[in-house]
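Taking it in order: structure first as structure tokens, then the write-up.
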Amino acid sequence: MQAMVTLTPEESKRLIAKSIAHMEPVRKAKEEGLIGFSLCTSAGYVIEELLGRGAVSLSGYCCGFIYSGGSCVVPPDRRERLLLLERGEKRWLDFPEENLKAFIDRMDQDDIIIKSGNLIDPEGNVGVLVASPDGGEAGDYLPHILAKGIQLIVPMTLNKTIPVPLTEIIPHMGISRFRPDMVHGMSCGMMPLPGRVIREVEAFGNLFGVRALPVAMDGVGSGAGSVTLVLMGDDLAVERAFRLIDQIKGEPPLENMFSRCAGCEGSSGKVGAARCSTRAKRGASAVRRRRG
């Protein structure tokens, strides 16, 4: 049997989160180990799938985001606290003063960190934007993740797919490479984000054992950023997958939670007015914010 489904970015994030919450390593870590949720909206969806709807503000479980006017950061008073689960017990951390690094020494190959990126190249390599000179969250965690073999799970929607290799992009990135008046929003560098990538196609396979083939990307109006996929497999599996998507349809859109920087019109909802790369470079080290 075959079916065709269309998912908005938020619906895709919900599907991917359901798949990640269903994974055996994640279920085991929730019961017996540690799961760290980096501050990104994709991780927020996973939190909801593990702890229940409303466990976090999805738009607020984020450090930075991209809107039509460029890149921006979520102000601390609107940002959720960073979450770590230790054997199912919630530990809320005041980022950036507190972060997952405090728990890294206790983490091993059975523990998990969940963090999304900003792009995925044709080979499946993920890159994440970083606006802090020290690399922000990614800069803190990656050496420990790689050295200790901690499991890094990377939720990525297909609409973040690019046609060029990550290695071609990284040399052109860096917060000092852009003139302040030549940046929409904050200037950023980019860091590779190695880990197990879970996209819509992997989510359908993990949850239902069906093959998902992307056949259309993007749309207009409410379909902006959407992906359309053909599902293929056993009749019952395809029907179950289709019914789940029917339940997911209507996932509310995420909000823009603008910083209130002087001289920036982003907080008033106007488009294209942010010119904050100078402020970002001046204050990034102190606030240790990162994009992603």
Side-chain angles (χ1 to χ4, degrees), residues 10 13 35-48 51 53-86 90-104 113-118 128-142 155 175 180 183-191 193 252-271 273-292:
E10 290 83 2
K13 290 187 178 191
I35 306 177
F37 301 88
S38 180
L39 279 169
C40 62
T41 57
S42 293
Y45 282 89
V46 181
I47 292 172
E48 283 204 329
L51 301 182
R53 296 289 184 105
V56 292
S57 162
L58 293 174
S59 295
Y61 200 85
C62 183
C63 256
F65 61 93
I66 296 174
Y67 76 113
S68 57
S71 50
C72 189
V73 294
V74 177
D77 63 331
R78 303 189 71 189
R79 187 175 61 212
E80 287 278 347
R81 299 171 73 193
L82 185 68
L83 176 65
L84 178 128
L85 286 182
E86 183 172 12
K90 292 176 285 188
R91 298 187 180 276
W92 296 98
L93 308 175
D94 290 318
F95 183 86
E97 292 79 10
E98 300 175 304
N99 62 29
L100 302 181
K101 193 173 180 181
F103 297 84
I104 289 286
I113 292 177
I114 297 172
K115 178 174 175 57
S116 185
N118 296 97
V128 60
L129 292 171
V130 287
S132 174
D134 62 5
E137 279 193 283
D140 261 347
Y141 308 155
L142 275 183
I175 58 177
V183 176
H184 285 170
M186 300 173 64
S187 58
C188 301
M190 179 161 283
M191 185 178 296
L193 195 61
L254 295 169
E255 300 177 45
N256 296 142
M257 292 195 172
F258 295 106
S259 288
R260 300 175 179 87
C261 301
C264 175
E265 297 182 34
S267 58
S268 67
K270 296 182 181 178
V271 174
R275 290 290 185 272
C276 56
S277 58
T278 301
R279 291 192 298 276
K281 283 185 280 189
R282 189 167 56 233
S285 182
V287 300
R288 299 176 63 194
R289 288 173 176 150
R290 66 93 183 88
R291 284 286 304 115

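No hydrogens, no waters, no symmetry mates; every other heavy atom, side chains included, goes into these values.
Applying the side chain to side chain contact (heavy atoms under 4.5 Å, CB included) rule to R91 yields the partners L84, E86, E89, F103; only residues at least two apart in sequence or on another chain are considered. Under the side-chain hydrogen bond (donor to acceptor under 3.5 Å, both in side chains) criterion, E80 pairs with no residue at all, not counting sequence neighbours. Partners of A55 by side chain to side chain contact (heavy atoms under 4.5 Å, CB included), not counting sequence neighbours, listed by chain and number: I47, L51. Taking the salt bridge (charged side-chain N to carboxylate O under 4.0 Å, His left out) definition, one finds that E10 meets it with nothing, sequence neighbours left out.
In this structure, S116 contributes its side chain and P155 its backbone to a donor-acceptor pair below 3.5 Å. Judged by distance alone, with hydrogens and angles left aside, the side-chain atoms of R79 form a donor-acceptor pair with the main-chain N or O of F95 at under 3.5 Å. With hydrogens and angles ignored, the 3.5 Å screen pairs no side-chain donor or acceptor of Y67 with any backbone N or O of N256. With hydrogens and angles ignored, the 3.5 Å screen pairs a side-chain donor or acceptor of Y61 with a backbone N or O of L83.
Considering all non-hydrogen atoms of both residues, H184 and G69 come closest at CB-O, 3.4 Å. The two residues I175 and G189 come nearest to each other via the heavy atoms CG2-N, 3.9 Å.
Atom OG in S132 sits 8.5 Å away from atom CE in M186 (nearest 0.5 Å).
Proximity of W92 to V56: side-chain heavy atoms (C-beta onward) are separated by under 4.5 Å at one or more points.
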